[in-house]
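What you see is a predicted model; the values in this text were computed from it and never measured.
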Amino acid sequence: MVRPPWAVAGVDYRVGVVPGTILKPITSIRIPGVEIDTTNRLVRVTGQNITIDGYDFSGWRIYVQGKNITIQNCYSNDVKGFGIEGRNDGVYDGIDYTSHNLTIRNCEIDGSANKFESQWSFINIKGTGTTTIEHNWFHHAPTHIFEFTGSSTLIYRYNLEEEIGIDPTGEGPTNHVNFIQMLGGESVNSQIVFNTMAQHRQPAGGQMIQVTGSNALVAANTLLTFRGPGSMPTAGSISHLIDPGHAGDFFQGTIRDNYIDPRGVQYGVFYPSAKGSNVTVWGNVDMVTGSIIQANNTRRRRLPN
């Protein structure tokens, strides 16, 4: 087994809520520009230059309309709808808006208390400016972990994501897996780097990384897939790992130096879209054999350093 040369998120260093943090109930927030909507169990963040630090928002959703908002050291084990939403979904207010310069760091969102029908996605963002998602631990999501659209530059790094797409209670249906789903192709200079993603069991199809936009970079991620019980043929855990230009959206960028355990991949590490002339693929390592995985999913022998 070949190991990545960098420190691996969730293995070599801790991610999620900083140890020693004493979480406060979300209803105790007293910050100008932050409203507690007890009827809808919704935290509305409408102000600017606000930091929400050290809260337990289990059973609530955080609805971000403001600019320059940071959510850090927060926890949820009971996500309702979207856990953190930086866009209008038509359910509340009827206002068309985007979040601007949103940062989510050192948070843990645990979906193990959820059923499929009660949780749509941990995070759903329509952004402008820069959206930064870093040092978080996201796990056991019955549906997607992160959905993104808009023109924001996405910086998604140093996160640990584990086990999604299955109702943890065993009572609900299974769902298509998407660890990271970017849509629209409007973002520029986005980076998905130094994350760890692991999936052991998945009876439905899906991808780990769906990336769009121009001058995008997917690099130095550790992607782990395993075989286990499930209804997919040969019990693969996921269909493909990386899909550039999802569903025909614009993509131009580079996918390089990712370390991949492909044993649970059903069809191929790369979606067929990775073979396009707008995609540069190099240096992606099969951790089991040490070979280089090419855009067409063939292997070539890795040259010695």
Side-chain angles (χ1 to χ4, degrees), residues 4-6 8-9 86 98-99 101-104 123-134 136 144-159 161 177-197 206-225 238-260 262 265 267-287 291-300 302:
W6 58 81
V8 176
T98 60
S99 61
N101 291 346
L102 172 64
T103 297
I104 301 171
I123 300 171
N124 188 298
I125 302 297
K126 181 180 181 182
T128 61
T130 300
T131 299
T132 304
I133 314 293
E134 60 185 6
N136 300 289
H144 299 168
I145 288 179
F146 180 78
E147 299 176 28
F148 174 88
T149 189
S151 60
S152 176
T153 296
L154 174 64
I155 306 299
Y156 198 98
R157 60 191 178 189
Y158 314 127
N159 301 290
E161 299 174 271
V177 165
N178 288 320
F179 281 61
I180 299 173
Q181 176 177 278
M182 294 178 68
L183 300 172
E186 299 175 3
S187 65
V188 179
N189 299 326
S190 290
Q191 298 183 11
I192 301 173
V193 295
F194 293 107
N195 302 285
T196 303
M197 304 179 194
Q207 293 86 47
M208 279 189 170
I209 300 173
Q210 295 178 342
V211 56
T212 66
S214 58
N215 198 36
L217 176 64
V218 179
N221 298 288
T222 306
L223 309 179
L224 309 172
T225 65
I238 201 162
S239 298
H240 298 85
L241 297 187
I242 303 176
D243 175 8
H246 169 70
D249 287 341
F250 180 77
F251 175 85
Q252 176 272 315
T254 301
I255 303 169
R256 63 168 176 84
D257 297 322
N258 299 284
Y259 274 61
I260 297 164
V265 174
Y267 301 115
V269 169
F270 296 110
Y271 208 76
S273 56
K275 296 185 289 184
S277 60
N278 55 321
V279 187
T280 301
V281 176
W282 56 270
N284 299 286
V285 177
D286 184 322
M287 296 172 64
S291 60
I292 299 298
I293 308 169
Q294 302 188 96
N296 62 1
N297 293 308
T298 62
R299 306 297 200 270
R300 66 172 175 80
R302 188 181 184 193

Report yes if the side chains of Gln210 and Asp249 come closer than 4.5 Å at any heavy-atom pair, otherwise no. no
Side chain to side chain, Ser187 and Leu154, heavy atoms closer than 4.5 Å: no
Looking only at non-hydrogen atoms, find the nearest pair between Lys275 and Ala295 and report the distance. CG-O, 3.7 Å
Do side-chain atoms of Gln252 reach the backbone of Asn215 as a donor and acceptor pair under 3.5 angstrom? yes
Is there a donor-acceptor contact under 3.5 Å from the side chain of Ser239 to the main chain of Gly206? yes
Using side-chain hydrogen bond (donor to acceptor under 3.5 Å, both in side chains) as the criterion, list what pairs up with Asn221, not counting sequence neighbours. Asn195, Asn258
As a quick check of understanding, evaluate side-chain contact (heavy atoms from CB on, under 4.5 Å) for Met197 and Leu241, giving each step before the final call. CA-CA 10 Å; Met197 304 179 194; Leu241 297 187; over 6 Å; no
Show the numbers, then the answer: is there a side-chain contact (heavy atoms from CB on, under 4.5 Å) between Thr222 and Trp6? CA-CA 10 Å; Thr222 306; Trp6 58 81; 3.6 Å; yes
Separation between CZ (Arg256) and CG (Leu217), nearest 0.5 Å, reads 5.0 Å
Nearest non-hydrogen partners of Val269 and Val265, listed with the distance: N-CG1, 3.8 Å
Rounded to the nearest 0.5 Å, what separation is found between the OG1 atom of Thr153 and the CD atom of Gln191? 9.0 Å
If we only count heavy atoms from C-beta on, is the Asn297 to Tyr267 side-chain gap below 4.5 Å? no
Going from NZ on Lys126 to CG on Leu102, what distance comes out if it is rounded to the nearest 0.5 angstrom? 15.0 Å
Does any N or O in the side chain of Asp257 come within less than 3.5 Å of the main-chain N or O of Ala219, such that one atom is a donor and the other an acceptor? no
Would you say Phe270 and Ile255 make side-chain contact, with heavy atoms under 4.5 Å? yes
Rounded to the nearest 0.5 Å, the CD1 atom of Ile123 sits from the NE2 atom of His144 at a distance of 14.0 Å
Working to the nearest 0.5 angstrom, can you tell me the gap between Thr132 OG1 and Ile155 CD1? 6.0 Å
Does Ser152 use its side chain to pair, donor to acceptor, with the backbone of Gly129 at less than 3.5 Å? yes
Look up atom OG1 in Thr196 and atom OH in Tyr259, then write down how far apart they are to the nearest 0.5 Å. 13.5 Å
Are Leu223 and Ile242 side-chain neighbours, meaning at least one heavy-atom pair lies under 4.5 Å? yes
Applying side chain to side chain contact (heavy atoms under 4.5 Å, CB included), can you list everything that pairs with Ser273, at least two apart in sequence or on another chain? Asp243, Pro244, Tyr271
How close do Ser291 and Arg300 get, counting heavy atoms only, and between which atoms? CB-O, 3.3 Å
So do the side chains of Ile125 and Phe146 get within less than 4.5 Å of each other, counting heavy atoms only? yes
Given 3.5 Å as the limit, does a donor-acceptor pair link the side chain of Asp286 with the main chain of Arg299, or not? no
Kindly give the heavy-atom pair with the smallest separation between Gly184 and Thr212, and that separation in Å. N-OG1, 4.2 Å
For Thr280 and Thr254, indicate whether the former's side chain and the latter's backbone hold a donor-acceptor pair under 3.5 Å. no
Residue pairs passing the salt bridge (Lys or Arg N to Asp or Glu O under 4.0 Å) test where at least one lies in residues 146-159, sequence neighbours excluded: Glu134-Arg157
